[in-house]
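Input: a single structure, listed below in structure tokens.
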Amino acid sequence: MDYDPSNEKKAIDDTKAGVKGLVDSGMVEIPRVFIRPSHELAEELTMCKSTLQIPVVDLSGIEVEDWRKKIVDEIRDASEKWGFFQLINHGVPSSVLEGMIDGTRKFHEQDVEVKQEYYSSDPTRGVRFESNLQLLTTKGRNATWKDTLYISKLVSESDEIPEVCRKILVEYKNHVIKLGDILLGLLSEALGLKPDHLKAADCNKGLMLACHYYPACPQPELTLGTGKHTDPVFLTILLQDQSGGLQVMRDNQWADVEPIEHGLVIIIGDLLQIVSNDKFVSAIHRVVANKVGPRISAASFFTGGSTPPKMYGPIKELISDENAPRYKEFLAADYTAKYFSKPLDTRDLFRL
């Protein structure tokens with residue numbers, strides 16, 4: 001008889017306790033719904049690991065013209081080759097970074113009864129806690145070993161945010177908005193545009209937060225913390241603890257993104273690849289599961305302008321006879337909807 005994951009999914013969903021609930025129940029073998037397909041597991045054994053180091057960009061000296069030019073050059077190089085770089089001296093206080101990791105931990109480790117109120121796989125809910133079971137497995141993929149607290153771009157009132165992490169989340173978000181503006185200015189310059197170009201196109205709008213908790217996994221070699229994917233956004237600013245496990249693909253090999261204390265990881269998303277007309281690349285990345293845990297991270301996604309709806313496509317200033325547009329125009333919301341409904345590379349659906 002063919003295996004039907006829906007019963008297993010429903011059983012886990014009904015607990016409203018997430019993956020952490022499974023671990024807390026003393027589970028030693030992971031449920032089948034989390035196990036990767038056999039061809040993927042076989043492929044993993046033959047893949048070489050990359051020894052390349054992820055670029056690190058130091059933002060100190062950004063006010064000095066010569067330094068700024070050097071920073072722009074480094075960001076251009078990283079965005080063209082990797083779509084990924086780490087950022088140091090970025091201006092977000094270390095106390096806020098540590099507080100955000102701690103706040104995420106506190107949400108996920110509080111009494112399950114309190115957490116359950118937020119449990120939902122309804123993406124229209126402004127604040128929700130879930131384990132990605134529905135989303136991934138409806139796309140024909142296995143579930144992954146993590147729980148997430150999502151704060152959508154629609155949440156403007158801080159009192160909707162769970163009390164246990166409300167104060168730090170709001171403080172962190174304000175810092176991320178400022179840093180996002182700085183980065184979009186540098187990325188605009190890296191494309192040879194005026195510093196305010198990407199911001200004027202509302203690429204700094206629609207900030208969404210995902211606070212991830214990856215519990216220790218009894219059989220880490222069979223599953224993943226996060227499956228391989230690109231981000232369907234303009235830009236992601238990722239805060240990770242010191243656990244490690246994040247990997248980015250370069251030349252068909254996985255490279256480890258070694259945590260830098262008080263550093264941030266910057267990820268170019270699909271929408272920035274598209275508006276740059278493929279000058280920048282959206283990076284394929286994933287998180288491996290681990291026998292020790294938890295691993296904690298917080299991803300801030302700049303999803304772009306949606307009210308009023310805004311059309312996006314390759315930036316006119318980057319188009320010429322030699323460099324024709326490679327994508328058609330679309331609404332950011334349509335891109336996201338296609339991304340979550342199709343298991344293939346969404347960018348190809350918009351390619352000309």
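Quick note: residue numbers are just sequence positions, from 1.
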Just verifying a value: how many Å separate [X] [atom1] and [Y] [atom2], rounded to the nearest 0.5 Å?
X      : Y      : atom1 : atom2 : value
Gln110 : Glu163 : CD    : CD    : 9.5 Å
Leu222 : Leu41  : CG    : CG    : 6.0 Å
Lys115 : Glu113 : NZ    : CD    : 10.0 Å
Lys16  : Asp13  : NZ    : CG    : 9.0 Å
Glu261 : Asp241 : CD    : CG    : 11.0 Å

Given side chains that start at C-beta, do those of [X] and [Y] come closer than 4.5 Å, heavy atoms only?
X      : Y      : answer
Leu209 : Val176 : no
Val248 : Val265 : no
Phe350 : Asp270 : no
Cys48  : Gln253 : yes
His262 : Ile88  : no
Lys49  : Asp256 : yes
Pro325 : Leu352 : yes
Leu169 : Cys211 : yes

Closest approach of [X] and [Y], non-hydrogen atoms and distance?
X      : Y      : value
Pro215 : Lys146 : CD-CA, 4.2 Å
Ala17  : Val112 : CB-CG2, 3.6 Å
Phe84  : Pro55  : O-CD, 3.8 Å
Pro314 : Ile319 : CB-CD1, 3.8 Å
Leu191 : Lys279 : CD2-CD, 3.8 Å
Ala210 : Phe301 : CB-CE1, 3.8 Å

[Y]/[X] salt bridge by N-O under 4.0 Å criterion:
X      : Y      : answer
Asp73  : Arg76  : yes
Lys10  : Asp14  : yes
Lys199 : Glu189 : no
Lys20  : Asp147 : no
Arg286 : Glu40  : no

Heavy-atom neighbours of Lys173 NZ exceed 12 at 6.0 Å: yes

Just checking, any donor-acceptor pair under 3.5 angstrom between side chains of [X] and [Y]?
X      : Y      : value
Asp122 : Ser120 : no
Thr230 : Tyr339 : no
Arg351 : Tyr327 : yes

Once the angle between the rings of [X] and [Y] is folded into 0 to 90°, is it parallel (under 30°), tilted (30 to 60°) or perpendicular (over 60°)?
X      : Y      : value
Tyr150 : His212 : perpendicular
Phe129 : Tyr119 : perpendicular
Phe330 : Tyr335 : tilted

Trace of the salt bridge (charged side-chain N to carboxylate O under 4.0 Å, His left out) decision for Asp334 with Lys338: CA-CA 6 Å; Asp334 288 348; Lys338 283 223 166 39; over 6 Å; no

If we ignore hydrogens and angles and just use 3.5 Å, is the side chain of [X] paired with the main-chain N or O of [Y] as donor and acceptor?
X      : Y      : answer
Glu74  : Val57  : no
Glu8   : Val33  : yes
Thr144 : Gly225 : yes
Glu130 : Ser121 : no
Arg250 : Trp82  : no
Asn277 : Ala324 : yes

From CA spacing to verdict: salt bridge (charged side-chain N to carboxylate O under 4.0 Å, His left out), Lys70, Asp66: CA-CA 6 Å; Lys70 179 178 175 287; Asp66 289 354; over 6 Å; no

Verdict with supporting geometry, Lys69 and Glu65, salt bridge (charged side-chain N to carboxylate O under 4.0 Å, His left out): CA-CA 6 Å; Lys69 188 184 172 314; Glu65 197 177 328; over 6 Å; no

Worked check of salt bridge (charged side-chain N to carboxylate O under 4.0 Å, His left out) between Lys316 and Glu329: CA-CA 11 Å; Lys316 305 283 181 276; Glu329 296 208 323; 3.2 Å; yes

Tyr312 and Phe234 aromatic centres sub-6.0 Å: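 Tyr312 vs Phe234: aromatic centres under 6.0 Å.
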
